[in-house]
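Okay, here's the structure, questions in a sec.
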Amino acid sequence: MRLRMPSLWILHALLSHWWRHPVQLSTLVLGLLAATALWSGVQALNQQARLSYDQAAARFDSLNQAQIVSAGDQPIQESEYIRLRRLGWAVTPLVEGVLSLEILFKLEDLPEKDVKIQIVGIDPMTLQSLNRSDQGSTGLPDNLSLNDFLTPPWQVWMSPATAEGLRPLLAKAKADGFPFNPQGEKVSIHTSTALAHNELITDLYLAQHWLGMEGLLSRLLLLDADNPSALPEALASTLRLVRPQSDHDISRLTASFHLNLSALSLLAFLVGLLMVYSAIHLALTQRLTLRRIVFSCGVSQRELMAWLLLELLLLSGLIALPGLVAGYWIATLLLPDLSASLAGLYGAQVSSELQLSWQWWQQGVFMAWGGTLIAAIVPLIKLIKQDGVHLGQSMPSLNDQRRLKGLSILGLVSLLMAVLTAGLGQSLLSGFLLLALVFLSAALLMPVILDRLLSLCQRSAKSMITQWLWADARLQVPNLSVALVALLLALSTSIGVGGMVEGFRNTFTGWLDQRLAAEVYVRTDSEGQAQQVTQWLAGTPNVTAVLPSARAATQLEGVPIELRGFQVHSTYVDHWPLLSEAPQVWQAIESESAVMINEQLARQLALNLGDSIALQGMQQREFTILAIFSDYGNPKGQVMMSLDTLYHNWPDAERGSFALRVEPSQIDGLISALKETFGFTGTQVLDQQAVKRYSLQLFERTFAATQALNLLVLAIAAIALFSSLLTLSNMRLTQVAPIWACGVSRRHLVLIELLRLLALALITALLAIPLGLIISYCLVNVINIRAFGWALPWQMFPHQWFYLTLAALVSAGLAALIPILKLHFCSPGELLKGFRDDQ
Amino acid sequence: MLQVTHLAKSHQTPQGPLQLFSDVHFNLHAGESVALMGESGCGKSTLLHMVAGLEQADKGRILIADQDICQMNDRQRSQLRRDQLGIIFQQLNLIPSLTIYDNLVFQARLANRVDDAWLAYLVASLGLETLLTRYPAQLSGGQQQRVAIGRALAARAPLLLADEPTGSLDEVNAEQVITLMLALVKETGTSLLMVTHSSLLAARLDRSLTLSQGQLK
């Protein structure tokens, strides 16, 4: 074979190493694959979420838009819309409604009973003049043709996934249902990825027809009105102006959530890189001979380095592609849980379909390249510094005391920096820096601590064989240290994250029990309905207390906050989860001079008991804070006050929510009666158990992605240990051969090998426990507070430590299985090779 | 072919600089074979490595084909090695992950001087016909050294540098390897500078030089 570029034979020689060492290649592939997959998977989730936030913010019907809604129970009349237009109000109409598939298609006994379709009717002519200078788009499909949209047979737009889901039903469609227009013609169906799942956008006329809302409108969006004036008096009784919700910036609210996810994926990436480092380091060490030969055959140091870099970039580029595919797959698996938790926590709607840009693929490949180069930099520098001529004379040993001393100094410096960061840092980023420094210190100090511990064991050992066992384990530390560090990081992360999640679960469950003290919760559609419900409840004998509540939105020192009004009652006095309180707090709240604030707000604005606050839009001068309550999972600051105080200061407050105290045996009967009397849906009337169930379900889904990533990190560490042991298994034969020659049986040697490895895994697991507790402390008392604004009690869960130690021992035992079997079944000839040269 | 003048080299040791040799002069003519002898640690391997451009001289000149290797940068030295030199070490001469054939032809490929007929002749002369698809670990020490000689000669380099090429071999194998090497060197007119401890082996070369107490005699 002849190559046009003779130097390509250097690449051929370099690559040949990997084909001859498939275990090393597998370690490299697995490490980089796992690192790329986990990192890019989480980035895909983050990117999808951000895309959805942007789309939602750009949408014509986003909450950032000033709008006019009905003041009562009835929808807006078209005549009111026309009147407003004639008065010079620039508004565009919107019809919205949710229909089940059965009603939409006018078909019975459909299997998809739970599927609901959101229908949105628009007037594109007026909508297009919507002033969205900040977004630059109304969120309508780019390729929407006005003429076709507005003229028969009209158009319906939906997402590709929705179209796919409706396809089987279209064949069965009846002429009086979807997709036929009032004239019996089939409407033209178009798809756009800009639309949410199970959402149809069509002309106002068609939407009114399918929703049965002829002549009626749901709301009117104000065009070109950032600060709208008051409504005309004639319409003020039937319509209500809703100003834009400036606090509804989902990207800002969810930033911490995504940062947490990114941090965990970065950790997974780093654990994967440890495997890559291990493989590259070993490969370069084993290629010292190759280096000397190519050097002596006329390849310069610089040229060799260039080819080595090219080789690594080529391999990592090739591995990155399946890594990205795996990342896509991971993202697809985690997206439903992520969407659910983001919807539950922040009300953010994230599309369940992944739409990835070319930048995602590009970033993934660059990340793999960058990671490989970072992992290769130390081994490459070592290779350059190595004496390439006198082989075997200047091989540096990690076990060398000078090297260990260097690692100790670096580890202690890193630890000192961690302490300084903990003391001085205040931001979330400095919190993550603190975590990174703790991990780095542990990684640097781990080989030193292991060496000291094993040396101690060696000195205290009585028999010669035990002494050799510890001495040999010490000798193995340099070769296994990277895998053991990976195991240490994975175990400590599991202990830290597991402890945080378990602690949160305990606290959250207890908090829910306190916060959800009432038996039934009701949310009405309007103020009129609220009055009817109040009257009805007054005549219901089983209800022992009706506790109405209302809400409003305002700002405090420029921070958007939520106001809640409630009626002071023993239900709250006895159960409300207060973190700190002044004496006579409930009486003071009732007297309209005091308020309670949630922990988030207290931390964000550094507010304490006794402080006075002036809320935007309030009538009275100021309120005194007399209590701070825990409010897990709420991203917003909240101020609670008596209902009368709220109504007095914010007459427009949204009313109509009730907490009901009922005899437990009467709960089901009351809920049925409420549904029957007022036509409430399942989400409008909830019993306490259902709310708790939903909240806990949401809690589990929130941490599903975290725990899945955590488990994957642990799996990568186990694989790292396995591949390191497998790689070293051939080397081991030459190391145990002298002991075998001295009369120790192979069976005995196998047992010693197993014990040695289990001892290393046990020490690693024991070191991971204090490290995990530090991580858990940082997560609970630093990251959590800075990311979400609330603290959790730091709790310990020894049963988790026990299971993780057991998992570490089982992983080590399994990882040792093949090398041990190899030793057990190898022939005497193979052991004798240990006395010959290492070629 | 090779001219060494005023060559000096010292090593740094914990006790201070150790002068290996100073003011070394010698010539090697085209087609000539010279043995470089001396006690262990006297610096003969270092001298060979300096001639190969693998180590730097403190001062002096080394002219190979009228080019001063001491004045060259790393890239130029590498190019000179690729074109003009063949090097054989005592052991670990082969790339473990390449087949014997790929090892044999490695330098010739780099120098873009692959001559199939010459390669076939070398393979036959060195008795490597049945070993070409094997890997170095599957060969004995003697077989590996024969491959190393083949690789050094395959590129038709005019100067062959050998650092105790039979040092790790038993007598029988050493004899076979050296006989083959000398025969091929004579046949191709290649110059040979060989470091050796063996006076018997040195006697089979055109002349001998001895490095002793930092001086070449």
Side-chain angles (χ1 to χ4, degrees), chain A residues 1-22 24-25 282-307 311 384 386-395 730 734 830 833 836-839, chain B residues 45-46 48-50 52-55 72-99 101-103 105-114 116 135-141 143-144 147-148 151-152 154-155 157 161 163 168:
Chain A
M1 184 170 48
R2 292 186 193 271
L3 293 175
R4 201 175 285 270
M5 276 178 68
S7 294
L8 279 176
W9 289 111
I10 303 168
L11 186 64
H12 170 248
L14 290 175
L15 288 172
S16 67
H17 173 85
W18 298 106
W19 315 139
R20 292 288 293 164
H21 296 85
Q24 260 176 53
L25 181 64
L282 198 64
L284 290 180
T285 308
Q286 287 184 345
R287 285 193 284 185
L288 281 176
T289 308
L290 180 144
R291 182 198 164 209
R292 180 173 75 162
I293 304 308
V294 296
F295 202 38
S296 67
C297 287
V299 177
S300 69
Q301 181 97 306
R302 196 176 287 181
E303 195 179 0
L304 181 61
M305 285 303 293
W307 283 110
E311 176 208 30
I384 296 169
Q386 197 89 38
D387 180 348
V389 183
H390 306 97
L391 282 184
Q393 290 175 19
S394 56
M395 286 274 285
N730 284 335
T734 64
E830 281 174 283
K833 270 186 187 169
R836 294 203 288 266
D837 67 62
D838 64 349
Q839 273 259 323
Chain B
S45 287
T46 305
L48 190 92
H49 293 155
M50 285 160 64
L54 298 171
E55 284 190 65
M72 292 178 177
N73 60 26
D74 183 42
R75 192 185 58 77
Q76 290 165 326
R77 283 199 301 274
S78 299
Q79 193 61 47
L80 184 107
R81 270 201 300 279
R82 194 180 288 200
D83 295 337
Q84 304 285 337
L85 304 179
I87 304 170
I88 306 165
F89 297 100
Q90 187 176 342
Q91 60 179 355
L92 304 179
N93 269 298
L94 306 180
I95 298 171
S97 54
L98 291 183
T99 62
Y101 177 79
D102 284 333
N103 265 290
V105 78
F106 187 73
Q107 188 170 352
R109 278 171 169 169
L110 285 183
N112 212 9
R113 283 204 298 259
V114 179
D116 290 332
Y135 285 89
Q138 297 165 313
L139 266 57
S140 69
Q143 287 170 326
Q144 287 185 30
V147 180
R151 185 188 61 215
L161 303 173
D163 188 0
S168 62

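Side-chain atoms are counted along with the backbone in the values below, which use heavy atoms only and exclude waters and symmetry mates. Fair warning: this is a prediction, and the values are worked out from it, not measured in the lab. Numbered from 1 within each chain, the chains take letters A, B, ... in sequence-line order.
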Exercise. Over all heavy atoms of both residues, which pair between B:Phe106 and A:Trp9 is shortest? Give the atoms and the distance, please.
Key: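 Scanning both residues completely, I find the closest heavy atoms to be CE1-O, 3.7 Å.
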
Self-check item: Backbone of A:Gly298 reached by a side-chain donor or acceptor of B:Arg82 within 3.5 Å
Solution: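 Judged by distance alone, yes, a pair lies under 3.5 Å.
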
Quiz prompt | Heavy-atom pair of closest approach, residues B:Asp74 and A:Arg302 | solution = OD2-N, 3.8 Å

Self-check item: Over all atoms of both residues, closest heavy-atom pair of A:Ile293 and B:Leu94
Solution: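 Looks like CD1-N, 4.1 Å.
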
Exercise. I would like to know whether B:Leu110 and A:Val294 meet side chain to side chain contact (heavy atoms under 4.5 Å, CB included); could you show each step before the answer?
Key: CA-CA 9 Å; B:Leu110 285 183; A:Val294 296; 5.5 Å; no

Self-check item: Rounded distance [0.5 Å steps], SG in A:Cys297 versus CD1 in B:Ile87
Solution: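 With rounding to 0.5 Å, SG (A:Cys297) is 7.5 Å from CD1 (B:Ile87).
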
Practice problem: Mind checking the OG-CZ spacing from A:Ser300 to B:Arg77? Nearest 0.5 Å is all I need. | Solution: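 A:Ser300 OG to B:Arg77 CZ: 9.5 Å, rounded to 0.5 Å.
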
Quiz item: Do A:His12 and B:Leu98 have side-chain heavy atoms sitting under 4.5 Å apart?
Solution: yes

Practice problem: Any chance you could measure B:Tyr135, atom OH, to A:Ser16, atom OG, to the nearest 0.5 Å? | Solution: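 It is 7.5 Å, given to the nearest 0.5 Å.
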
